[in-house]
Amino acid sequence: KMHQLLNQAFNQAVKWKKITINPVADADPPSVKYEEMSIWSLDEIQKFLQHCKGERHYLTFLIAFYTGMRRGEILGLHWSDIDFNKKIIHVCRSLAHVPKSGYMFTTLKTKNSKRQIPVPEFVLHELRTHKQRQEEWKELVGKLYTDNDLVICTNTGTLQDPRNVVRVMKRLVKDTKLPNIRFHDIRHTHASILISEGVDIVKISRRLGHANPKITLEFYAHLLPSADN
């Protein structure tokens, strides 16, 4: 049942018409090599998410798998960026490390990076549950809590150190004995599933916040079906 939900969630998240032809069949191969990436299957995603449910960063990983957002974009997400009625997340900023200044919110690299991402209902449900727990925690700790409107934050409402997310992920991957991947490979996994579902590469590019579809092709052309298939 969980595997079926995973498939349904990805289909619900995009709601785009599938392509019937290979968009790069008549194009020249990309001029640059795609970066090395490891990609999980739906079964591996299921195993990971089932294992980490109840963990502090379960929601962080869930958002990553079902939106393709970058780690910094997730950690920079504000509650005001989530439209629960329209089922959309507005990506507006990123948490990044600035030399000599530490971690802080930064503007996004390109105008395409600032985007809207449709999300499935069960992810919105987890967000609502998390928000309720957060409100209860605020009341419990009182003045010790600094309300920065952050979705993912520390117990006192401050910025979450991205290195903590990486440490948690490494531990969970080791525990589940899954193939080792980086947090950024979750983004690649999201894109690969959209490609396998036949989603238009232009739509995928917009969802990922790439500057243009050519960049998306340079990353994922090797995952597109062959013209001979």
Side-chain angles (χ1 to χ4, degrees), residues 1-15 34-77 81-82 87 89 91 94-95 117-134 150-155 159-199 204 207-209 216 219-220 222-223:
K1 184 178 179 181
M2 182 66 177
H3 190 280
Q4 185 179 9
L5 284 173
L6 286 165
N7 277 297
Q8 290 174 348
F10 273 101
N11 289 334
Q12 183 184 357
V14 291
K15 293 183 180 178
Y34 59 87
E35 67 176 75
E36 282 190 36
M37 62 181 76
S38 298
I39 294 171
W40 279 352
S41 66
L42 283 171
D43 285 333
E44 289 167 330
I45 296 171
Q46 172 191 349
K47 183 177 180 180
F48 180 82
L49 290 176
Q50 282 182 330
H51 181 77
C52 72
K53 193 161 189 178
E55 287 272 353
R56 179 173 182 79
H57 282 294
Y58 170 71
L59 183 61
T60 308
F61 300 128
L62 191 71
I63 294 172
F65 276 116
Y66 289 100
T67 66
M69 289 171 64
R70 300 172 179 91
R71 182 182 61 182
E73 292 172 340
I74 296 173
L75 297 183
L77 192 62
D81 299 325
I82 302 173
K87 302 181 179 181
I89 287 179
V91 184
S94 182
L95 179 64
I117 302 178
V119 289
E121 180 57 41
F122 83 90
V123 174
L124 292 172
H125 172 75
E126 292 293 339
L127 282 163
R128 291 188 190 97
T129 301
H130 178 73
K131 185 169 176 48
Q132 180 60 37
R133 285 196 298 261
Q134 198 177 77
L150 289 170
V151 175
I152 308 297
C153 58
T154 67
N155 285 339
L159 302 178
Q160 179 61 251
D161 191 325
R163 293 169 295 185
N164 290 336
V165 179
V166 172
R167 281 191 283 267
V168 171
M169 182 173 178
K170 285 182 178 179
R171 172 173 56 80
L172 293 171
V173 170
K174 185 177 180 180
D175 290 346
T176 53
K177 296 181 172 57
L178 288 169
N180 189 43
I181 66 171
R182 305 163 300 169
F183 190 95
H184 197 70
D185 288 323
I186 297 178
R187 179 172 164 86
H188 295 320
T189 295
H190 180 80
S192 73
I193 291 174
L194 296 183
I195 289 170
S196 71
E197 290 293 317
V199 177
I204 296 174
R207 188 173 179 87
L208 296 177
T216 313
F219 275 121
Y220 303 115
H222 63 294
L223 297 177

Is the backbone N or O of [Y] less than 3.5 Å from a side-chain atom of [X], with the two atoms forming a donor-acceptor pair by type?
{"X": "E44", "Y": "S41", "value": "yes"}
{"X": "R71", "Y": "V166", "value": "no"}
{"X": "Q160", "Y": "L150", "value": "no"}
{"X": "H130", "Y": "V151", "value": "yes"}
{"X": "R187", "Y": "G68", "value": "yes"}

Query raised in the report: What's the verdict on side chain to side chain contact (heavy atoms under 4.5 Å, CB included) for K47 and H51, showing C-alpha distance, side-chain angles and the deciding distance?
Result: CA-CA 6 Å; K47 183 177 180 180; H51 181 77; 5.7 Å; no
Query raised in the report: For the residue pair C52 and L172, what are the closest heavy atoms and their distance?
Result: CB-CD1, 3.4 Å
Query raised in the report: For V91 and E73, which heavy atoms make the closest approach, and how far apart are they?
Result: CG1-CD, 3.7 Å
Requested in this report: Begin from the C-alpha positions of M69 and I89 and carry the test side chain to side chain contact (heavy atoms under 4.5 Å, CB included) through to its verdict.
Outcome: CA-CA 10 Å; M69 289 171 64; I89 287 179; 4.0 Å; yes
Requested in this report: Report the C-alpha separation of F183 and I74 in whole Å, then their side-chain angles, then the decisive distance to 0.1 Å, and conclude whether the side chain to side chain contact (heavy atoms under 4.5 Å, CB included) test is met.
Outcome: CA-CA 12 Å; F183 190 95; I74 296 173; 4.1 Å; yes
So [Y] and [X], do their side chains get closer than 4.5 Å, heavy atoms only?
{"X": "R56", "Y": "V168", "value": "no"}
{"X": "L62", "Y": "V123", "value": "yes"}
{"X": "I39", "Y": "L223", "value": "yes"}

Got a second to check how far [X]'s [atom1] is from [Y]'s [atom2], nearest 0.5 Å?
{"X": "L127", "Y": "I63", "atom1": "CG", "atom2": "CD1", "result": "5.0 Å"}
{"X": "R182", "Y": "K170", "atom1": "CZ", "atom2": "NZ", "result": "11.5 Å"}
{"X": "R70", "Y": "L208", "atom1": "CZ", "atom2": "CG", "result": "7.5 Å"}
{"X": "L77", "Y": "C153", "atom1": "CG", "atom2": "SG", "result": "11.0 Å"}
{"X": "D43", "Y": "L178", "atom1": "CG", "atom2": "CG", "result": "10.5 Å"}
{"X": "I152", "Y": "T60", "atom1": "CD1", "atom2": "OG1", "result": "3.5 Å"}

Report task. Please work out which of the three classes, parallel, tilted or perpendicular, describes the rings of H188 and H184, given edges at 30° and 60°. Result -> perpendicular
**Report entry** Whether F61 and F48 hold their rings parallel, tilted or perpendicular, with breakpoints at 30° and 60°
**Finding:** perpendicular
Report task. Count the heavy atoms of every other residue, nucleotide or ligand shown that sit under 6.0 Å from NZ of K131, and state whether that count exceeds 12. Result -> yes
Query - All side chain to side chain donor-acceptor pair (under 3.5 Å) counterparts of T176, not counting sequence neighbours - result: none
Query raised in the report: Which residues satisfy the side-chain contact (heavy atoms from CB on, under 4.5 Å) test with I181, sequence neighbours excluded?
Result: S38, W40, M169, D185, I186
